[in-house]
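Notes to accompany the following structure.
We use all heavy atoms of the structure for the numbers below, so side chains are in, but hydrogens, waters and symmetry mates are not. The chains referred to below are lettered A, B, ... by the order of the sequence lines, with proteins before strands, and numbering in each begins at 1.
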2 protein chains.
Amino acid sequence: MGLREPLKQIADCGLPIALEAMGERWSFMILRAAFNRIYHFEEFQSELGIARNILANRLSRLVEHGILGRTPCPEDRRKVEYRLTEKGMALLPAMIALRQWGELYGSCTTSTPVLVDERDNQPIQPVTIRAHDDRVLGPADLCWRHAEEVKPLGASREAELMDRVA
Amino acid sequence: MGLREPLKQIADCGLPIALEAMGERWSFMILRAAFNRIYHFEEFQSELGIARNILANRLSRLVEHGILGRTPCPEDRRKVEYRLTEKGMALLPAMIALRQWGELYGSCTTSTPVLVDERDNQPIQPVTIRAHDDRVLGPADLCWRHAEEVKPLGASREAELMDRVA
DNA sequence: CAATTTAAGTTGCGAATCACTACCTACATA
DNA sequence: TATGTAGGTAGTGATTCGCAACTTAAATTG
């Protein structure tokens, strides 16, 4: 049967919710900047080259959605700090997956700076879909089930582990 | 040092490329429908409730970007099939990551239909960033390196990684 | 202390995009 | 032949984008 989802229930899906928060122009670029330790309005503006009114609008929207926190700086009361919340940081896999796709299929000749695991300086893996036992899954391996249909993992777990080794 | 990327080279990053292809309104919803075996113009239109001119525009853009293929149906020459290409399918991790985020943080009371691995009917894992040795990485574990700085690993390790990607 | 600079916005306005509806053309079906 | 279907296009108003100028409050400089 493969990947097929009950449609007409599109509103229930997480995708429109994610797009509602992050789907506007510049939102992902702002997120990226935030991951890169850009915290202030003027920094975002000069790094991204975005119009000030648009930037103000996007920042306040991201704050409303709980993706960025907004705190006035105590040591310089002109300044405001925009910082990623937990919710915002949880977008990292989506962002990395997007950029890996862009790097792979775009005509980026040089991916000179490469994202690595700090611990051993090795590049991270491509972001993938994983089964509960860590197998990498493709579109053909996925399907939709209702909660009731999902069997809890029990004794069969051992068999699956054996399966994985083999 | 953590996650910090040489800025000013933003154009080199894959993210703007990905957003250029997928960043417009409806593009991700159309992609999602395509993964759900929606192939025809009228199907997209009625499932998504999108205006016809916008849909036509998005479909042709996705075709231009090589994300969808467009083939007239031989058996009914009124019909046209829009199908995901390899490049389009490669967006699956990004899309799943986005919807998982939306489901987790949106106020979806019910995630009734759940995406499972077809083989054993177990839900898929949350999409994560992984080190070369499969450790799950967070924002704090990542940093940017230039290609020269990345020490090569033993041959067996690399073979294993290639295996995984394929 | 006054003058200047900086940070974070806001406002106005033209250009581009979105969305709704009606229309069109080629083809298939009754 | 008449009717319906599939995949668009065209016209029109409502939104949104993007640029530039302006504002306000706080810091810095002379």
Classify every nucleotide of nucleotides 21-27 of chain D by which part a protein heavy atom approaches to under 4.0 Å, writing B for the base, S for the sugar-phosphate alone and - for neither, in 5'-to-3' order.
B----BS
Any A:M95 side-chain heavy atom under 4.5 Å of A:L31 side chain
yes
Would you mind reporting whether A:N121 and B:E149 have side-chain heavy atoms less than 4.5 Å apart?
no
Of the nucleotides [options], which has the atom closest to the [X] side chain?
{"X": "A:F41", "options": "C:dG9, C:dA19, C:dA7", "answer": "C:dG9"}
{"X": "B:A56", "options": "D:dT9, C:dT10, C:dA19", "answer": "D:dT9"}
{"X": "B:K79", "options": "C:dT11, C:dA19, D:dG7", "answer": "D:dG7"}
{"X": "B:N53", "options": "D:dG11, D:dG18, D:dA6", "answer": "D:dG11"}
{"X": "B:V80", "options": "D:dC19, D:dA6, D:dG8", "answer": "D:dG8"}

Measuring to OP1 and OP2 of C:dG9, would you say a side-chain N or O of A:R70 lies under 4.0 angstrom away?
yes
Would you say B:Y39 places a side-chain N or O within less than 4.0 Å of OP1 or OP2 belonging to D:dG7?
no
Between B:Q100 (side chain) and B:A97 (backbone), is there a donor-acceptor pair under 3.5 Å?
no
With sequence neighbours excluded, give me every salt bridge (charged side-chain N to carboxylate O under 4.0 Å, His left out) pair touching residues 82-97 of chain B.
B:E81-B:R83
May I ask you to decide whether A:D117 forms a salt bridge with A:R119, counting only side-chain N to carboxylate O separations under 4.0 Å?
no
Contact list for DNA chain C against residues 20-28 of chain B - heavy-atom distance below 4.0 Å:
B:R25, B:W26
